[in-house]
Amino acid sequence: MSGGGDGLKLLSTWLSPFRSRVKLALHLKGLSYDYVEEDLKNKSQLLLSSNPVQGCSRADPQRQAYLRVAGHIVQYIDDAFAGSGPSLLPADPYERTVAHFWAAYIEDKLVEPWFKMFGGSSTRTRAEMDEGVKQMLAAVATLEGALAAQQCSKGKPFFGGDSVGYVDVALGGLLVWVRASEVLLGVKFLDAARTPLLAAWAECFASLEAAKAALPDIGKAIKHAMMTRGATTAAALATNN
């Protein structure tokens, strides 16, 4: 994300779930911006000078720091443009802390296993893939409980209550890639039988105009995932090791 005399610029790649989070925040706040598609193999000087973690991408050793950057940018947008659109973070300090907790939980328990399965160039074993799926399913089950605990099932479909909040943006930015992973792995992570609240949340979130504008096309994402990871995923799932 870059700001200056010529307005807001979002520098990223179409397939980045973290770019999707920032785009979601911008659209939810009703802010205008210019989107610049970047080549992470040949990063522009603007990207390098704008990136607070010194130009690292999701495949770099500093990726854990990068995972947090999108959340910080979303909070910055919410704070810097408080007069535009709805607030994404609660004003109450305790509720704000709870939102940050669940956003961090999504990074640690859902995103990390996903990257361990699909990140990098090495092929994972069947055992490693199974463990990643197990961790993701456990995280989804916990998020289902969190959604119920916040009484969103009683006519309040979002983690933020009646409207989208910070946690919704954190999870919603991943939605297309969760769906693509379901196709690759043959596992239903957002299952109406096991996690009815999250399944309903996903449908409701995907129907938002901001989500339609910010999230990548699911067909394009699945095609990309099949081209880059389909063969290695199938090979890993076919092994007995």
Side-chain angles (χ1 to χ4, degrees), residues 1-89 96 99-100 103-104 106-107 111 114-115 119 160 163-180 205-221 223-225 228:
M1 193 74 191
S2 174
D6 53 351
L8 295 172
K9 288 186 174 68
L10 176 57
L11 317 173
S12 190
T13 66
W14 72 269
L15 54 79
S16 169
F18 311 110
R19 156 267 199 195
S20 295
R21 290 177 177 175
V22 176
K23 284 192 76 173
L24 282 166
L26 290 167
H27 283 276
L28 288 165
K29 300 289 283 185
L31 299 172
S32 298
Y33 65 96
D34 292 324
Y35 176 69
V36 180
E37 181 74 12
E38 285 281 344
D39 178 2
L40 294 184
K41 294 180 180 179
N42 185 28
K43 300 169 189 173
S44 70
Q45 189 56 46
L46 179 59
L47 176 62
L48 293 172
S49 63
S50 300
N51 197 326
V53 285
Q54 301 178 347
C56 76
S57 73
R58 61 184 177 88
D60 291 333
Q62 300 180 62
R63 177 172 52 76
Q64 185 60 38
Y66 185 73
L67 292 177
R68 309 296 182 191
V69 171
H72 294 321
I73 295 174
V74 170
Q75 180 171 341
Y76 166 78
I77 291 170
D78 198 37
D79 290 341
F81 302 96
S84 300
S87 295
L88 300 177
L89 275 160
R96 180 173 283 234
H100 279 299
I106 289 168
E107 303 296 0
V111 177
W114 187 88
F115 269 119
S163 60
V164 170
Y166 186 74
V167 182
D168 297 288
V169 171
L171 187 57
L174 308 173
L175 187 54
V176 165
W177 292 110
V178 170
R179 295 300 195 198
F205 189 90
S207 70
L208 296 171
E209 290 303 316
K212 293 176 183 178
L215 298 181
D217 178 73
I218 181 64
K220 184 179 179 181
K223 182 178 180 180
H224 175 82
T228 58

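For reference, positions follow the sequence shown, starting with 1. Because the structure is predicted, anything quoted here is derived from the model rather than measured.
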| field | Intermediate values then yes/no, side chain to side chain contact (heavy atoms under 4.5 Å, CB included), Arg21 and Leu174 | value | CA-CA 8 Å; Arg21 290 177 177 175; Leu174 308 173; 3.8 Å; yes
| message | Go through it in stages, so that I can follow the logic: the residues are Leu8 and Phe81, the test is side chain to side chain contact (heavy atoms under 4.5 Å, CB included), and I'd like the CA-CA distance, side-chain angles, deciding distance and then a yes or no. | response | CA-CA 12 Å; Leu8 295 172; Phe81 302 96; 3.9 Å; yes
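Minimum heavy-atom separation, Asp168 to Phe205: O-CE1, 3.6 Å. Of all heavy-atom pairs spanning Pro216 and Arg19, the tightest one is CD-NH1, 3.8 Å. Contact between Leu88 and Ala25 at its shortest, heavy atoms only, is CD1-CB, 3.9 Å. Across every non-hydrogen atom of Ala221 and Trp177, the tightest pair is O-CZ3, 3.6 Å. Across Gly172 and Leu215, no two heavy atoms sit closer than the pair O-CD2, 3.5 Å. The minimum heavy-atom distance between Gly173 and Leu24, with the atom names listed, is N-CD1, 3.7 Å.
Lys9 places no side-chain N or O within donor-acceptor distance of the main-chain N or O of Tyr33, the cut-off being under 3.5 Å.
Between Phe18 and Phe115, the ring-plane angle classifies as parallel under the 30° and 60° cut-offs.
The line from CG of Leu28 to NZ of Lys23 is 12.5 Å long, rounded to the nearest 0.5 Å. Here the straight-line distance linking atom OG of Ser32 with atom NE2 of His27 works out to 9.5 Å at 0.5 Å rounding.
A cation-pi arrangement, defined by a distance under 6.0 Å to the six-membered ring centre and an angle within 45 degrees of its axis, is absent between Arg96 and Tyr166.
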